[in-house]
Amino acid sequence: MSEVKMEDIVSLAKRRGFIFPGSDVYGGLSGTWDYGPLGLALKRNIMNLWWKTFVENRDDMYGVDAAILMNQKVWQASGHVDTFTDPLVECSNCKSRYRADHLEGDKCPNCGKTGTFGEPRMFNMMFKTNVGPVDDENSVSYLRPETAQGIFTNYRNVVDVFYPDVPFGIAQMGKAFRNEISPRDFVFRSREFEQMEIEYFVHPDKWEEAFKQWQDNIKGFLKQLGLEKVYEVEVPAEDRAHYSKRTIDYEYDFPHRRDELLGLAYRTDFDLMNIQKASGKSMEYRPKDGGTPFVPHVIEPSFGVERAIMAVLTSAYTEDEVNGEKRTYLKLPTHLAPVKVAVSPLLKNKPELVEKAREVYKMLKKEFGNVMFDDNGNIGKRYRRQDEIGTPYCVVIDFQTLDDNTVTVRNRDTTKQERVKTDVLISKLL
Ligand code: GAP
């Protein structure tokens, strides 16, 4: 378990505009969260980095963005209608409901009575809805519980249009929905969240090789997130999802406990064969060299965005002491920080300083984009605020700037300041 406390992360996230409870103004909606400007920036930085690493920087990957609502046959064929369930129990005294495998003992966490839970019943976690004005069996649809199926259903399209060499992958990022029985641990277990998934299609004889490569690829990406200590846990057969022949869970020391950050699964030809059977359309791949056609097997690295955000915040959360005062800061990697540079006039009531600060701000904004003009409160308060949101550099314009065109650049981690000529400022901050 991390030494960082959950309440510190949740409090900073709300106080500084990263993540708010969903529908907060109406008392919230359990398992939902809203991203404020800084949380959204952090989330986008993580998602963009993932896309760049695994799609843009590679020649063997194809991106898709499938509809969230899909034909109900997708979820029948994939096994989700029958088996995407968690065990649900209800307390006969207070009627509270819990996920049976999350309970310790037989004491109800709400009313404290023991022996009030009956036999668990299986609860399907998909959000059910109807498409169109008629509410009957044929109009049933579901909010997707994983982005993966939107990839499998586009496999044939990508093969027919792009005719890629095997192995190749299809990637998708986007929302997924699960009606979790007990959402908890901040955004870790939400009812609405985002996934970043890849289905990597390989020849059936080559799956082990590809699995190993994906272990290396995942390690590389986690390093880019600044996450050094991630544990690979081999999932035993009885705990694996219905479609998997091998799974590794990547676990991280979150504030609540060591828990799953992401998964890597060998899904065999389970999904493509099911689609072939249910749709009557061939999922075979025909090798360009005239070799024997085959239905590819699949390696699936599946990342949860919320869990990546939580791990990044936990790893970055730091407390130290500066000039005898306690300081909290986020030691975020610069490429993930929502704000790269904050620009301030030393005093906000001196128009000549403000004017010069605006000029420097404009120059940096044009170059880096994620630059903030900050003239709220005194300079000490500004540093504290920027430290808490993880801004790597604060640039301050003071009276000396007007004389010699130098500014101070303060480093978040060391709190050291140095004077830098404005004409080399951009290269200094690169
Ligand atoms: N397509 C495979 C799949 O969806 P999963 O293990 O059920 O596998 C993959 O989910 C990842 O999605 C998890 O490792 C986690 O990061 C994220 N995830 C799953 N359920 C979640 C939830 N309720 N809240 C936040 N993230 C979740």
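Note that this is a predicted model, so its numbers are computed, not measured. Read the numbers this way: they start at 1 and go in the same order the structure lists the ligands and their atoms.
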Which segment of [X] sits under 4.0 Å of ligand 1 when only heavy atoms are counted:
| X | result |
| --- | --- |
| Leu261 | backbone |
| Arg267 | side chain |
| Tyr243 | side chain |
| Gln195 | side chain |

Does ligand 1 have any atom that is closer than 4.0 Å to a heavy atom of [X]?
| X | value |
| --- | --- |
| Glu300 | yes |
| Arg144 | no |
| Phe152 | no |
| Tyr250 | no |

Of Lys331, Lys381, Arg410, Arg16, the residue whose pairing with Asp387 passes salt bridge (charged side-chain N to carboxylate O under 4.0 Å, His left out):
Arg410
Assess the pair [X] and [Y]: is the distance between their ring centroids shorter than 6.0 Å?
| X | Y | value |
| --- | --- | --- |
| Phe186 | His256 | no |
| Phe54 | Trp214 | yes |
| Tyr62 | Phe162 | yes |
| Tyr361 | Phe373 | yes |

Write out the residue and atom name of the closest protein heavy atom to atom 3 (C) of ligand 1, then the distance separating them to 0.1 Å.
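Of the protein heavy atoms, Glu197 OE2, 3.6 Å lies nearest.
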Among all the protein's non-hydrogen atoms, which is closest to atom 14 (O) of ligand 1, and how far away is it?
Glu260 OE2, 2.5 Å
Is it the case that ligand 1 has an N or O less than 3.5 angstrom from some N or O of [X]?
| X | value |
| --- | --- |
| Pro145 | no |
| Gly304 | yes |
| Arg178 | yes |

Rounded to the nearest 0.5 Å, the CD atom of Glu388 sits from the CZ atom of Arg412 at a distance of 13.0 Å
Interatomic distance, CG@Asp24 vs CG@Leu29, rounded to 0.5 Å, equals 11.5 Å
Measure up the Phe254 and Phe188 rings against each other and bin them: parallel (under 30°), tilted (30 to 60°), perpendicular (over 60°).
perpendicular
